[in-house]
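The next block holds one structure in the form of structure tokens; read it before the comments.
Values below: all heavy atoms of this structure, side chains included; hydrogens, waters and symmetry mates excluded. Numbers restart at 1 for each chain; the letters A, B, ... are given by sequence-line order, proteins then strands.
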Amino acid sequence: MKKTISKKKPASKKIIKEKLPIKDNSKNFSFYEDVWSVALQIPKGHVTSYGAIANYLGTKLSARMVGWAMNAASHSKAKVPAQRVVNRNGTLSGKMHFETPTRMQELLEKEGVKVEKDKVVEFKKIFWDPAKELGF
DNA sequence: AGTATGACTCATT
DNA sequence: AAATGAGCCATAC
């Protein structure tokens, strides 16, 4: 994947990449792309949280940016499985940003993830921590 | 260049 | 246990 960001892409003024284990990627990848890269690696049927991704990127205190990146991803051509990214509670906090509020849940259930009342069932069980799984 | 906002999270009340 | 404040940092205006 190569800069699908099109015209306006954030100039990486921040050097969070230094902390990234995946420097080869970070070299030319922006913060968003870093987030997407992680999101794309989430195994099917598993989910992770904004904070986990943020933590992996070294900015765990700013999980907001991850969500922001997801928002940008939706607008981008990159197909990021944003449905696999939920908040720390396992709640589909971002469902309202999908095409339809129910789309996120449907996508998850289609992948074998049970969702109930906007929350991932057994969230802890299928939780996928990038910092852990990717060998931080 | 300063202010406001957000698909978050944590600590305190 | 629910509500509130604060921290975080990139974007938009």
Side-chain angles (χ1 to χ4, degrees):
Chain A
M1 47 262 305
K2 49 217 74 229
K3 348 242 63 257
T4 31
I5 287 216
S6 54
K7 51 243 165 179
K8 53 185 284 186
K9 100 175 216 9
S12 45
K13 40 208 257 188
K14 237 9 196 221
I15 322 289
I16 69 171
K17 307 151 202 291
E18 286 184 311
K19 311 175 179 179
L20 282 174
I22 47 178
K23 303 187 184 64
D24 47 309
N25 282 359
S26 58
K27 187 167 75 148
N28 265 323
F29 277 52
S30 62
F31 180 85
Y32 295 150
E33 289 166 324
D34 290 337
V35 175
W36 304 344
S37 295
V38 176
L40 287 167
Q41 293 176 69
I42 302 174
K44 181 181 164 192
H46 288 252
V47 294
T48 191
S49 69
Y50 302 97
I53 295 178
N55 181 38
Y56 175 70
L57 294 179
T59 61
K60 72 170 184 178
L61 295 179
S62 303
R64 292 176 174 224
M65 299 300 95
V66 178
W68 198 259
M70 285 289 119
N71 189 20
S74 290
H75 223 277
S76 157
K77 288 163 189 161
K79 24 192 198 305
V80 180
Q83 72 273 14
R84 296 181 190 151
V85 183
V86 297
N87 68 3
R88 71 170 193 88
N89 206 16
T91 312
L92 311 189
S93 50
K95 66 169 188 175
M96 64 173 92
H97 292 273
F98 280 72
E99 312 172 31
T100 68
T102 56
R103 186 66 187 279
M104 188 174 187
Q105 175 172 339
E106 290 174 5
L107 286 171
L108 281 173
E109 291 182 331
K110 201 163 127 193
E111 294 185 349
V113 178
K114 285 184 288 218
V115 178
E116 235 174 74
K117 298 182 185 63
D118 296 341
K119 290 205 317 199
V120 174
V121 179
E122 310 204 272
F123 170 63
K124 291 172 72 175
K125 267 192 186 174
I126 62 176
F127 179 75
W128 182 83
D129 188 349
K132 208 172 175 182
E133 303 297 333
L134 295 181
F136 161 61

inquiry  = For A:T102, give me all partners under side-chain hydrogen bond (donor to acceptor under 3.5 Å, both in side chains), at least two apart in sequence or on another chain.
reply    = A:T100
Backbone of A:A69 reached by a side-chain donor or acceptor of A:W36 within 3.5 Å = yes
task = Hey, can you tell me if A:F123 and A:F127 have their rings parallel, tilted or perpendicular (30° and 60° cut-offs)?
result = perpendicular
ask   = How many Å lie between CG on A:D129 and P on B:dT9, as a whole number?
value = 12 Å
request  = Applying side-chain hydrogen bond (donor to acceptor under 3.5 Å, both in side chains), name anything that partners A:E109, two or more places apart in sequence or on another chain.
outcome  = A:Q105
request  = Kindly state each residue pair satisfying salt bridge (charged side-chain N to carboxylate O under 4.0 Å, His left out) with at least one member in residues 86-96 of chain A, sequence neighbours excluded.
outcome  = A:K95-A:D118
inquiry  = With the threshold set at under 4.0 Å for non-hydrogen atoms, list the residues of residues 88-99 of chain A touching DNA chain B in residue-number order.
reply    = A:R88, A:S93, A:G94, A:H97, A:F98
query = Is A:Y32 near enough to C:dT11 that one of its side-chain N or O atoms lies under 4.0 angstrom from OP1 or OP2?
reply = yes
Verify same cluster id: A:I42, A:L107 (apolar side-chain graph, 4.5 Å) = no
key: Sugar-phosphate only, base, or nothing, as touched by A:N71 at under 4.0 Å among non-hydrogen atoms   = base
message = Please classify the nucleic acid contact of A:A82 as base, sugar-phosphate, or nothing, using heavy-atom distances under 4.0 Å.
response = base
task = Return the set of residues passing salt bridge (Lys or Arg N to Asp or Glu O under 4.0 Å) with A:E99 (not counting sequence neighbours), or none when no residue passes.
result = A:R103
request  = Look at the side chain of A:S62 and the base of C:dA10, then say whether one donor and one acceptor between them are separated by less than 3.5 Å.
outcome  = no
task = Counting heavy atoms from C-beta on, name the nucleotide in C:dT11, B:dT9, B:dA7 closest to the side chain of A:S74.
result = B:dA7
note = Under a 4.0 Å heavy-atom cutoff, the residues of residues 101-109 of chain A touching DNA chain B are none
request  = Determine whether the side chains of A:E106 and A:Q83 contain a donor N or O and an acceptor N or O closer than 3.5 Å.
outcome  = no
